[in-house]
Amino acid sequence: KGLTILTPHHGEALRLAESLAIDTSESEHVWVSQIARKLKVLVAYKSAHGFIALPDGTFFFSDTTASALATAGTGDVLAGLMGSLIARHSPTTHKQLAHIAMGAVILHSLAAQLSEENSVNATAFDIAHEIRNAISILQNLGEE
């Protein structure tokens with residue numbers, strides 16, 4: 001049985017929730033989690049913070065963020081990063097997929113922070129360019 005991950009930004013998630021008759025008047029975390037449960041998929045919701053909802057009702061939350069992530073195209077960078085990590089690690093459960101997705105969210109955010117240090121108006125390309133450096137930083141932290 002295959003695993004599915006959706007990566008909607010706020011507007012896309014709202015439209016999806018409304019099409020599923022999910023009440024969006026509550027906290028985003030509540031109704032995004034309901035999307036994951038109803039569709040039996042993992043939802044990586046792109047907002048100011050990293051939020052991954054699993055179909056069993058659990059979720060992962062990361063407080064990492066960077067203003068450059070509000071730039072057009074950055075969601076595509078995140079989706080590509082997730083895809084490459086998923087292909088490399090071949091998860092077989094939603095929980096494994098969620099760990100990989102959250103790892104991508106953290107790497108993406110760190111890359112955005114690095115790009116902001118090097119550019120006043122960081123773009124999606126700048127963020128993608130910094131992913132290798134973000135990986136190196138995290139690997140060095142793990143070796144200490």
Side-chain angles (χ1 to χ4, degrees), residues 2-20 22 24-37 39-144:
L3 300 174
T4 301
I5 184 167
L6 305 179
T7 60
H9 60 62
H10 180 72
E12 293 166 335
L14 261 179
R15 287 190 297 277
L16 182 56
E18 290 169 1
S19 74
L20 295 168
I22 293 172
T24 58
S25 65
E26 296 186 61
S27 157
E28 292 172 335
H29 299 105
V30 171
W31 59 264
V32 170
S33 291
Q34 290 175 3
I35 292 172
R37 280 194 300 272
L39 296 178
K40 295 179 177 51
V41 300
L42 192 124
V43 179
Y45 177 66
K46 296 181 297 211
S47 67
H49 305 285
F51 177 70
I52 311 289
L54 286 79
D56 66 2
T58 61
F59 60 87
F60 294 105
F61 178 83
S62 172
D63 202 16
T64 58
T65 190
S67 60
L69 295 177
T71 306
T74 60
D76 297 323
V77 174
L78 176 59
L81 180 56
M82 278 185 193
S84 67
L85 291 174
I86 291 166
R88 180 174 181 176
H89 297 285
S90 303
T92 58
T93 67
H94 281 111
K95 192 165 191 171
Q96 290 173 348
L97 181 60
H99 284 130
I100 291 167
M102 186 52 71
V105 166
I106 292 167
L107 277 171
H108 186 244
S109 181
L110 180 54
Q113 291 170 19
L114 293 170
S115 70
E116 287 175 343
E117 291 174 9
N118 298 322
S119 175
V120 175
N121 296 315
T123 65
F125 178 81
D126 296 324
I127 293 169
H129 183 73
E130 290 293 343
I131 289 173
R132 182 175 293 174
N133 293 331
I135 291 169
S136 293
I137 288 169
L138 293 178
Q139 285 174 331
N140 290 336
L141 287 174
E143 293 172 2
E144 292 178 358

Quick check: closest heavy atoms across [X] and [Y], and the distance to 0.1 Å?
X	Y	result
Ala13	Pro8	N-CB, 3.7 Å
Ala112	Ala66	CB-CB, 3.6 Å
Ala124	Ala72	CB-O, 3.7 Å
Ala17	Thr24	CB-CG2, 3.6 Å
Asp126	Ala122	OD2-CA, 3.4 Å
Thr71	Thr74	O-OG1, 2.9 Å

[atom2] on [Y] to [atom1] on [X], rounded to 0.5 Å:
X	Y	atom1	atom2	result
Ile35	Leu20	CD1	CG	6.5 Å
Ile5	Ile52	CD1	CD1	5.5 Å
Ile22	Trp31	CD1	CH2	8.5 Å
Leu54	Lys40	CG	NZ	14.0 Å
Glu130	Ser119	CD	OG	10.0 Å
Ile137	Leu114	CD1	CG	4.5 Å

Check your understanding: Can you check side chain to side chain contact (heavy atoms under 4.5 Å, CB included) on His10 and Glu28, steps first, answer last?
Key -> CA-CA 9 Å; His10 180 72; Glu28 292 172 335; 3.2 Å; yes

Exercise for review: Just jot down the side-chain contact (heavy atoms from CB on, under 4.5 Å) partners of Ile135, sequence neighbours excluded, or say none.
Suggested key: Leu107, Ile131, Gln139

For residues 97-106, dump all side-chain donor-acceptor pairs below 3.5 Å to protein atoms at least two apart in sequence or in another chain.
unit_1 : atom_1 : unit_2 : atom_2 : d
His99  : ND1    : Lys95  : O      : 3.2

Review point. Got Ile127 and Leu78 here, is their nearest side-chain heavy-atom distance under 4.5 Å?
Key: no

Study note, to complete from the structure: Residues at least two apart in sequence or cross-chain that pass ring-ring contact (aromatic ring centres under 6.0 Å, His included) with His29, listed by chain then number, are Phe51, Phe61

Check your understanding: Quick check: does any side chain N or O of Thr93 sit under 3.5 Å from a backbone N or O of Gln96, one acting as donor and the other as acceptor?
Key -> yes

**Study point:** Test log, rule side chain to side chain contact (heavy atoms under 4.5 Å, CB included), inputs Leu16 and Val43
**Key:** CA-CA 11 Å; Leu16 182 56; Val43 179; over 6 Å; no

Check your understanding: When you look at CZ of Phe59, are more than 12 heavy atoms from neighbouring residues, nucleotides or ligands closer to it than 6.0 Å?
Key -> no

Practice item. For the pair Leu39 and Leu6, evaluate side chain to side chain contact (heavy atoms under 4.5 Å, CB included) and give the outcome as yes or no after the intermediate values. Key: CA-CA 10 Å; Leu39 296 178; Leu6 305 179; 4.0 Å; yes

Review point. Just checking, any donor-acceptor pair under 3.5 angstrom between side chains of Ser136 and Asn133?
Key: no

